[in-house]
Q: 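Here's a structure for you.
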Amino acid sequence: MKNRSKIVIKGLNQEKILNNLSKQVKIYNFRKNENFLCEFEVDYKNRKKVDKFLTESNVEVLSVDGKGVLNGLKKIFSSIGILFGLALCVLIYTLQYFFVWNINIYGLMETEEIKTYISNNLPSRLKSKINIKEIELGVRQKFKEVSSISVAIIGQSLIVNINQSQLPEELEGDFEVLKSSFDGQITEINLVQGTLNCKVGDIVKKGDILVFPYMVDSQGERRDVKPKAEIMADVWLSETTQHYDYFMTKKRTGKKITNSQIMLGNMVVYENNCKLEFAEYEVEESEEILTKNLFLPLRIKKKTYFETTTFEISQPFSEVKDEIVENTRQKALQFLQKNEIIKKENFVIKQGYNLSEVTYTITVTRNIGG
Amino acid sequence: MFNFFSELKSKIGDANIDLYNEFNIINVSGKLLYVEGHNGLTILSPTTIAFKIKRGRVVVDGENMFLKELTDNTLMIQGKISKTEIF
């Protein structure tokens with residue numbers, strides 16, 4: 001945008017005024033309005049010359065408006081409020097630059113404790129008073145699990161990089177018991193370390209304890225170890241399907257009626273209510289926000305009625321038995337893990353009045369000791 | 001009273017009426033330029049005067065030029081007119 005000033009003047013014989021003015025400066029976009037008013041533009045750099053000319057010619061200047069970047073900047077720099085705000089921002093930015101506001105800790109371990117320790121032990125938040133070497137030394141002495149640390153001040157943040165030391169398993173302390181991860185019957189046990197809590201032939205449930213995390217050495221002393229064992233068991237993967245010989249079912253006919261309400265906050269501003277003539281129906285409700293601003297929180301509430309009809313379905317189990325058994329088998333097969341060999345499979349049918357239940361079981365051998 | 005443009009229209013005929021419904025410019029001896037149908041003055045200086053027309057802009061170059069008359073749709077430029085260009 002060109003840097004120009006738009007001037008509106010009032011007076012007679014405007015052509016003469018403009019002709020005289022045009023001898024000194026270039027005039028742009030001249031427009032004559034009603035009531036002896038006219039407006040024109042001059043270059044921003046000629047503004048003083050134009051002001052002087054108009055004053056000397058006793059022309060009534062109604063308004064002077066600026067266009068372009070220079071005028072915008074002039075407006076900004078002539079506003080005390082904006083200048084004060086800018087100065088305050090610069091001052092705050094400059095002052096805060098000398099302080100550390102954040103402590104960011106990167107590493108694999110739980111960092112909150114170290115963050116609190118560093119925060120409490122900083123002599124001051126002033127960058128110049130922070131001794132990085134002291135922080136590094138302090139953290140290494142306080143936290144034995146820290147193998148190496150590097151601290152740096154970047155911007156307004158104290159960046160702490162930590163490497164966690166790897167302790168031998170024996171020193172790691174608390175060990176968890178080894179629990180069964182599936183229901184099954186144990187067929188084989190290969191204990192590596194720990195104390196067994198089961199034997200071959202036992203039927204265990206998911207979550208039962210298989211191996212305790214300790215060993216008793218030759219002196220009779222108990223020593224904590226991480227339990228390790230390969231415990232193979234027959235695991236039963238079952239799936240059940242129920243079949244009703246006779247039952248009622250609902251189906252939508254395709255006809256529907258939608259009633260909607262447009263709400264402004266909690267106030268209804270428009271409502272559309274159609275008469276419901278369905279004998280049987282299902283209802284679905286939805287709500288949608290129409291505007292994305294907070295000035296006009298308009299939303300639409302919709303209530304849709306779907307017409308339904310009820311059918312009677314009669315299908316004796318004997319007609320679909322094979323299909324149901326196969327479907328149940330397929331469902332049970334989904335529990336198999338990759339490359340797992342099926343040891344045995346069988347199914348049981350329970351029949352009652354109107355209801356038949358097929359349970360399909362696949363037996364596989366699986367390591368339940370994790 | 002004699003009207004230059006009415007006379008011109010009568011000579012050209014109604015078939016070519018589109019010719020003179022946008023703007024008309026008459027240069028009198030290179031010292032006076034009369035314009036009908038301008039849409040606003042865009043530049044005014046002793047050496048350049050420019051104005052908008054329907055579908056374009058006209059720039060008049062010369063020396064010691066000034067506005068003799070200006071109304072909503074007509075203007076008259078006086079001075080030494082050397083060039084009139086339509087853009």
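Lettering of chains follows the sequences in order, A, B, ..., and the numbering in each one begins at 1. We use all heavy atoms of the structure for the numbers below, so side chains are in, but hydrogens, waters and symmetry mates are not.
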Q: Does OH in Y281(A) sit with more than 12 non-hydrogen atoms of other residues, nucleotides or ligands closer than 6.0 Å?
A: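 Result for OH/Y281(A): open.
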
Q: Please enumerate all residues that pass salt bridge (Lys or Arg N to Asp or Glu O under 4.0 Å) together with D51(A), with sequence neighbours excluded.
A: R47(A)

Q: Counting neighbours of OH on Y97(A) that are heavy atoms of other residues, nucleotides or ligands and sit closer than 6.0 Å, is the number greater than 12?
A: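 No - once you tally the heavy atoms of other residues, nucleotides and ligands closer than 6.0 Å, there are 12 at most.
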
Q: So, do E288(A) and L298(A) sit near enough that their side-chain heavy atoms are less than 4.5 Å apart?
A: no

Q: Are side-chain heavy atoms of T253(A) and F306(A) found at a separation under 4.5 Å?
A: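 Side-chain contact under 4.5 Å: no.
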
Q: Between the side chain of S124(A) and the main-chain N/O of L126(A), is any donor-acceptor distance below 3.5 Å?
A: yes

Q: If you count heavy-atom pairs within less than 4.5 Å of chain A, which of I49(B), L41(B), I43(B) leads?
A: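 Highest number of pairs under 4.5 Å: L41(B).
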
Q: Using distance alone, with no hydrogens and no angle check, list the donor-acceptor pairs under 3.5 Å between chain A and chain B.
A:
| from | atom 1 | to | atom 2 | distance (Å) |
| --- | --- | --- | --- | --- |
| E15(A) | OE2 | L70(B) | N | 2.9 |
| N19(A) | OD1 | L67(B) | N | 2.5 |
| N19(A) | ND2 | L67(B) | O | 2.5 |
| I27(A) | N | L44(B) | O | 2.9 |
| I27(A) | O | L44(B) | N | 2.5 |
| N29(A) | N | L41(B) | O | 3.4 |
| N29(A) | N | T42(B) | O | 2.7 |
| F30(A) | N | L41(B) | O | 2.6 |
| F30(A) | O | L41(B) | N | 3.4 |
| K32(A) | NZ | L70(B) | O | 2.6 |

